[in-house]
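To start, the structure itself, in structure tokens.
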Amino acid sequence: MAIEATGLVKRFGDMTAVAGVDLAVKAGSVTAVLGPNGAGKTTMVRMLTTLSQPDTGTITVAGFDVVADPTEVRRRIGYAAQDATVDELLTGRENLIMIGELHHLGRVRAKERAAVLLTQFSLDDAAERVVGKYSGGMRRRLDLAATLVATPEVLFLDEPTTGLDPRARNELWEVLDTLVDSGVTILLTTQYLEEAERLADHILVVDHGRIIASGSARELKRRIGGEQIRAVLRDRSRADDALRLISEATGGEAAFDADADAVVVATAGGAAAVAAVAGALAEAGIEVDELALRAATLDEVFLELTGHSADAAIEEPV
Amino acid sequence: MSTSPTARRGNAVGDAWVIARRSLKHIRRQPEMLTDATIQPIMFVLLFAYVFGGAISVPQGGSYKEFLLGGIFAQTIVFGCFGIAIGLATDRSTGAIDRFRTLPIARSAVLTGRALAAVLIGLLPIILMSAAGLVVGWRTHTGVLDVLGGYALMVLFQFAMTWVGILMGSLLSTPQAVQGVAFTVLFPITFLASTFVPVDTLPGVLRTFAEWNPTTSLSGALRAQFGNPDVVAGTSDAWPLQHPVLYTVIWALTIIAICAPLAVRAFNRATGD
């Protein structure tokens, strides 16, 4: 395990930010901690990265205890905080060299490493410019590059795309894809379901300082039985027949979506249910333009699990 | 399972030097900070020398310009704590400190690096003011050792003020707050003193304050070391004014003894969770 945590609790005064969290992250995997603002994501990451000590519980990162051996942990991790903490008054290159020197790479290797990373993150042109003049997306890229200076075993990315416009976010996702492919263990936090689904093999849904669900995006969707069969009718005059037949075939209560000429029914029957529906419709001679088994979106999962929408949380000021 | 990192072990001094170099780069890239450290001290010397120079006379005779330099050195050194306080508060508010804390460096390196840079940066105004002073007619009238002693006293006091700055930067969470506190506290301290005028013109309580004010004793100590006229002899028998060098050294050491541990504690607390 690259990260192992048991019984993590962190309180600030009366407020319990993290209320008993267990974690096990496999080496080489990508885990997303998904939750709204104030769910305790950042507090969790700060404990995992040695910045904050847990009130109770133990954490091992890259084989070392975070409280007992923080320096050994720090030699093996990279951490990108939520607000891209690169130095505004230094150039991109100077930032990376400084981080390399503080990782004790030596000046020569720190320079080499900076050059490689600047190219890898498409920052060659901006390398000699002070970071204060960077765009938000460039700053995040440099911040990511800074976490990779000492080739870490475990990367912690706290909301890597929060605050970016959609175009910059897409660009950053492409960069993150290459990181994911490189095989480094990544733990990232996010408020964006799309981001978790795109980047992570494993998702932990957190709310009020607890993990309330975990699994792959598909598993999470399946867990709430969120699959639907959707049949788009060629001839809407057969809607009543289709409704009756589909309800019978699935044992569910089908509904008609008049805007799309579609009959929709929730099911846990998977492919067999689709086959039954297909058979019943064919026998009755009802033609369809589309017949599909569709998984619930992660938004629906989140709503089901937390009782509030993840998107609603995103609207809150950070 | 964990591969051993290829990086070498670090040491606290090397780490501190990397952080210090960062601060030295910062000062070069912040025009307002650079102005504070260069043009402003020169301007002070010129302004006070030519504006007040004619109006204020030194009671025991002697040149006001020579009287002035000790005071202006002292004022600049006391105000020197301001830059490091702002820098530290900025680092805390931007998350730079957090980034350093996730790196495998000695925890002391962030503060010692900053302190080292502050002392080095502080040499700049001292050198420039000396040069400006020589231009307007300031001269030293003592031996080389006394003069060097004067400069050593400045560096010592500057180092002490660095810890005051670190304390301020750790207690106040924004650069703006630092600015506010620095001006309300430092202005009275540097002006209710013999910095620019003889203290015996001040009324009762203020005069006592000025007599015991370390800015007064630092100014006086520097004037004594450089053989410049002071206004103490005969006009006041307050102990600090009679022993300015000793009193200044005691102040500097006391500030370091009290502020350094407090500053480290405040900094660790401010950046702990």
Side-chain angles (χ1 to χ4, degrees), chain A residues 1-2 10 12 17 27 43 45-47 49-53 60-64 70-91 94-95 97-107 109-110 130 132 143 146-147 149-154 156 158, chain B residues 1-34 83 86-88 90-110 112-114 117 175 268-273:
Chain A
M1 288 293 153
K10 182 72 187 181
F12 297 105
T43 308
V45 172
R46 289 178 65 83
M47 288 192 284
T49 52
T50 78
L51 283 175
S52 170
Q53 301 215 339
T60 315
V61 172
F64 290 91
T71 304
E72 291 303 322
V73 171
R74 289 171 192 156
R75 300 175 78 198
R76 292 166 175 82
I77 63 169
Y79 164 61
Q82 217 175 100
D83 31 16
T85 56
V86 278
D87 195 316
E88 297 211 351
L89 292 168
L90 300 186
T91 67
E94 286 169 341
N95 262 287
I97 293 175
M98 178 181 72
I99 302 279
E101 287 184 295
L102 292 175
H103 267 291
H104 312 121
L105 298 182
R107 186 131 179 99
R109 273 197 54 211
V130 292
D143 197 34
T147 65
V149 165
T151 37
E153 292 172 43
V154 187
F156 295 89
D158 196 5
Chain B
M1 57 146 272
S2 56
T3 55
S4 127
T6 43
R8 296 192 292 262
R9 297 268 156 191
N11 65 75
V13 178
D15 292 341
W17 180 233
V18 176
I19 307 259
R21 286 210 325 264
R22 165 179 181 263
S23 296
L24 295 178
K25 278 185 186 138
H26 278 188
I27 193 92
R28 288 210 303 267
R29 292 186 189 155
Q30 285 174 296
E32 65 280 16
M33 289 280 187
L34 199 58
I86 295 233
L88 209 54
T90 307
D91 276 355
R92 283 174 52 217
S93 61
T94 59
I97 299 286
D98 278 352
R99 165 145 261 152
F100 289 137
R101 288 187 55 224
T102 61
L103 298 173
I105 58 174
R107 188 154 190 190
S108 63
V110 176
T112 48
R114 275 244 174 233
N268 285 345
R269 185 176 306 168
T271 59
D273 266 315

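The figures that follow rest on heavy atoms only: side chains count, while hydrogens, waters and symmetry mates do not. The sequence lines fix the lettering, A, B, ..., with proteins before strands; numbering per chain opens at 1.
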Notebook entry, point to check: How far does CD of E101(A) sit from CZ of R22(B), to the nearest 0.5 angstrom?
Noted result: 13.0 Å

Next item on the list: Could you tell me which portion of E94(A) (side chain, backbone, both or neither) has an atom closer than 4.5 angstrom to a non-hydrogen atom of chain B?
Entry: side chain

Checklist line | Gap between atom CZ of R74(A) and atom CZ of F100(B) - 0.5 Å precision | finding: 13.5 Å

Next item on the list: Ignoring hydrogens and angles, state whether a donor on the side chain of H104(A) or N11(B) is under 3.5 Å from an acceptor on the partner side chain.
Entry: no

Next item on the list: State the CG-CD distance between D98(B) and Q82(A), to the nearest 0.5 angstrom.
Entry: 11.5 Å

Next item on the list: Among T102(B), T271(B), I97(B), find the residue that satisfies the side-chain contact (heavy atoms from CB on, under 4.5 Å) test when tested with L51(A).
Entry: T102(B)

Notebook entry, point to check: Nearest 0.5 Å, what's the OG1-CZ distance between T71(A) and R107(B)?
Noted result: 10.5 Å

Notebook entry, point to check: Given that the side chain runs from C-beta out, which part of T43(A) has a heavy atom under 4.5 Å from chain B: side chain, backbone, both or neither?
Noted result: neither

Item checked: V86(A) and R99(B), any side-chain heavy atoms less than 4.5 Å apart -> yes

Check: About how many Å separate CG of L89(A) and NZ of K25(B), when rounded to the nearest 0.5 Å?
Finding: 11.5 Å

Notebook entry, point to check: Top residue by heavy-atom pair count (under 4.5 Å) with chain B, among T49(A), V154(A), D87(A), D83(A)?
Noted result: D87(A)

Notebook entry, point to check: When only pairs under 4.5 Å are counted, which of I19(B), D91(B), V18(B) shares the most heavy-atom pairs with chain A?
Noted result: V18(B)

Next item on the list: List the steps and the verdict of side-chain contact (heavy atoms from CB on, under 4.5 Å) for D15(B) and L102(A).
Entry: CA-CA 6 Å; D15(B) 292 341; L102(A) 292 175; 4.3 Å; yes

Notebook entry, point to check: Where on D143(A) is there a heavy atom nearer than 4.5 Å to chain B: the side chain, the backbone, both, or neither?
Noted result: both

Next item on the list: Quick one: closest heavy-atom pair of L90(A) and R29(B), and the distance?
Entry: CA-NH1, 3.5 Å

